[in-house]
Protein chains: 2
Amino acid sequence: MAVTKISRSTQAKQSVLALIEEANIALSHADIEEQLNVKCNRVTIYRILDRLVEDDKIHKLVDMDGVSKYMACVACNDDHHHHHHLHFSCKQCEQVSCLHHIIPSFQLPKGYSMHELNFTVRGICVDCESTSP
Amino acid sequence: MAVTKISRSTQAKQSVLALIEEANIALSHADIEEQLNVKCNRVTIYRILDRLVEDDKIHKLVDMDGVSKYMACVACNDDHHHHHHLHFSCKQCEQVSCLHHIIPSFQLPKGYSMHELNFTVRGICVDCESTSP
DNA sequence: ATGCTTAATTCAATTGAGTTGCAAATATCC
DNA sequence: GGATATTTGCAACTCAATTGAATTAAGCAT
């Protein structure tokens, strides 16, 4: 069993979490490094992100181009921490957003068990669709 | 519009394609480099993989840990080249396989359009489930 | 409030996947 | 066989992410 370390509340951690919670799109490490308004080392941001995922404060997802992005937990509570809805990755604006209400329906074959789900659609989002003819 | 180059049949390309077609799991660049029995440069393998994807011979998918993997086209023909079924990524054996017959059902909101889909479930596969109590 | 323990932070160095530019090799068409 | 465009190999490079070790600081107990 893994030893569960106590999580400390530091300014850097609070700021990173606030940034992710205020964003309505998924942020990459680079996005966070760029937008963070407190002095914080690159490596520290990586470790904070890992810690927040471990503490079930945020979700990590891998975009279709292989880039890791992070989103706040929205509908998660103590009982369930999952991210089973659809993620939309726009080819034009390059933004990844959650479509919380869209949950795919499917059935795993007998013998398989699910722990995580990555369900990402790549295409053109509604904002880009409406701004370009 | 992109200029479509003529694709040549070389030994390296044939061997890479054969390897992917014979495998029933998704192979990464590293897997291919390791298993390939013909002399072939690392960079060449990257370029062959890109070329095979471009030629609709194989599909590229990004695993939940961000690693690119490649699978042969199975049910694809001239009319449709897509990979809309479920991919299963086993936490134990670390293998990614296609569950061709499982296609998720969902509906995108009005205004969104889909070009690609990444639908990967991570968990324990049937083989690992049966071999460990 | 002071000290102790341990988590968090920083820095430098490193890893690993993937890319680029260019020269040499070679598949394909004539 | 020769022309031409695609492939290949090599070296160097980029970028994301990790590691180890030393320093700083949060939070608990006294």
Side-chain angles (χ1 to χ4, degrees), chain A residues 1-20 26-71 89 94 96 118, chain B residues 1-20 26-71 89 94 96 118:
Chain A
M1 201 62 185
V3 180
T4 45
K5 294 180 174 187
I6 289 163
S7 191
R8 289 181 186 170
S9 168
T10 66
Q11 206 198 345
K13 200 187 283 179
Q14 286 168 24
S15 302
V16 170
L17 182 55
L19 199 61
I20 295 171
L27 300 180
S28 67
H29 173 273
D31 295 333
I32 292 165
E33 190 178 7
E34 195 180 299
Q35 293 171 34
L36 203 63
N37 49 8
V38 299
K39 168 180 124 47
C40 186
N41 191 273
R42 236 184 69 255
V43 177
T44 304
I45 297 177
Y46 279 116
R47 297 208 244 237
I48 286 176
L49 290 170
D50 286 347
R51 195 59 160 102
L52 290 172
V53 169
E54 202 178 303
D55 291 346
D56 291 325
K57 293 285 184 7
I58 61 174
H59 290 288
K60 176 177 181 169
L61 62 99
V62 179
D63 197 3
M64 290 181 78
D65 52 9
V67 180
S68 292
K69 301 206 169 183
Y70 300 87
M71 303 220 61
S89 169
E94 288 297 336
V96 176
N118 181 3
Chain B
M1 204 59 190
V3 181
T4 45
K5 296 180 173 186
I6 288 163
S7 191
R8 288 185 185 167
S9 167
T10 65
Q11 206 198 346
K13 199 186 284 180
Q14 286 168 22
S15 301
V16 170
L17 182 56
L19 199 60
I20 294 171
L27 299 180
S28 66
H29 173 274
D31 294 334
I32 291 165
E33 190 178 6
E34 192 182 301
Q35 293 171 36
L36 203 63
N37 49 8
V38 300
K39 167 180 125 47
C40 186
N41 190 272
R42 214 170 53 79
V43 177
T44 304
I45 297 177
Y46 279 116
R47 295 204 252 236
I48 287 175
L49 290 170
D50 287 346
R51 195 62 159 100
L52 290 173
V53 169
E54 203 179 304
D55 292 346
D56 292 325
K57 293 287 186 1
I58 61 175
H59 290 288
K60 176 178 181 168
L61 63 99
V62 179
D63 197 2
M64 289 182 79
D65 52 7
V67 180
S68 292
K69 301 206 168 183
Y70 300 87
M71 303 219 61
S89 170
E94 288 297 336
V96 177
N118 182 2

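Naming convention: chains lettered A, B, ... in sequence-line order (proteins, then strands); numbering from 1 in each chain. Both backbone and side-chain heavy atoms feed into the values below; hydrogens, waters and symmetry mates do not.
For the segment residues 30-42 of chain A, the set of residues with a heavy atom within less than 4.0 Å of an atom of DNA chain D comprises A:Arg42, in numerical order.
Within the 3.5 Å criterion, the main-chain N or O of B:Cys40 finds no donor-acceptor partner in the side chain of B:Thr44.
The separation between A:Arg51 atom CZ and C:dT6 atom P is 15 Å, rounded to whole Å. Distance CD1 (B:Ile48) to P (C:dT19): 14 Å, rounded to an integer number of Å. Counting to the nearest Å, the C1' atom of C:dG16 and the NE2 atom of B:His29 are 11 Å from each other. Look at NZ on B:Lys13: it is 15 Å from C1' on C:dA25, rounded to the nearest Å. Look at CD on B:Gln14: it is 15 Å from P on C:dT26, rounded to the nearest Å. B:Tyr46 has its OH atom 6 Å from the P atom of C:dA17, to the nearest Å. Between the P atom of D:dA16 and the OH atom of A:Tyr70 lies a distance of 12 Å, rounded to the nearest Å. As rounded to whole Å, 11 Å separates atom P of C:dT10 from atom CD of A:Gln11.
The overall bend of the helix from C:dA1-D:dT30 to C:dC30-D:dG1, read as the angle between its terminal helix axes built from five base pairs each, is 40° when rounded to 10 degrees.
Between A:Ser28 and D:dA16 there is no side-chain polar atom (N or O) within less than 4.0 angstrom of OP1 or OP2. Between C:dC11 and A:Thr44, no contact under 4.0 Å exists linking OP1 or OP2 to a side-chain N or O. Under 4.0 angstrom from either OP1 or OP2 of C:dT26 there lies no side-chain N or O belonging to B:Thr10. Listed pair B:Lys5 / D:dA5 fails the phosphate criterion, with no side-chain N or O lying under 4.0 Å from OP1 or OP2.
For A:Asp55, the salt bridge (Lys or Arg N to Asp or Glu O under 4.0 Å) criterion is met by A:Arg51, not counting sequence neighbours.
When all heavy atoms are compared, the tightest approach of B:Gly66 to A:Val62 is CA-CG1, 3.6 Å. Nearest approach of A:Ile58 to A:Tyr70, heavy atoms of both residues: CD1-CD2, 3.7 Å.
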Exercise for the section: Apply side-chain hydrogen bond (donor to acceptor under 3.5 Å, both in side chains) to the pair A:Ser7 and A:Lys13, showing each step before the final yes or no. Expected result: CA-CA 10 Å; A:Ser7 191; A:Lys13 200 187 283 179; 2.8 Å; yes

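Between the NZ atom of A:Lys57 and the CD1 atom of A:Ile48 there is a distance of 12.5 Å, given to the nearest 0.5 Å.
Nearest-nucleotide assignment on DNA chain D puts the 5′-proximal partner with B:Ser9, out of B:Ser9 and A:Asp50.
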Distance-only donor-acceptor pairs under 3.5 Å for side chains of residues 26-35 of chain A, two or more places apart:
| residue | atom | partner | partner atom | Å |
| --- | --- | --- | --- | --- |
| A:Ser28 | OG | A:Ala30 | N | 3.4 |
| A:Ser28 | OG | A:Asp31 | N | 3.1 |
| A:Ser28 | OG | A:Asp31 | OD1 | 3.4 |
| A:Ser28 | OG | A:Asp31 | OD2 | 3.0 |
| A:His29 | NE2 | A:Arg42 | O | 3.1 |
| A:Asp31 | OD2 | A:Ser28 | N | 2.9 |

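For the pair B:Val16/B:Leu52, a side-chain contact is recorded, criterion being any heavy-atom separation below 4.5 Å from C-beta on.
Applying the salt bridge (charged side-chain N to carboxylate O under 4.0 Å, His left out) test to pairs two or more places apart or on separate chains, none has a residue in residues 61-71 of chain A.
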With the criterion being N/O to N/O and under 3.5 Å, what pairs connect the protein with nucleotides 20-25 of chain D, and how long is each?
| residue | atom | partner | partner atom | Å |
| --- | --- | --- | --- | --- |
| D:dG20 | O6 | A:Arg47 | NH2 | 2.7 |

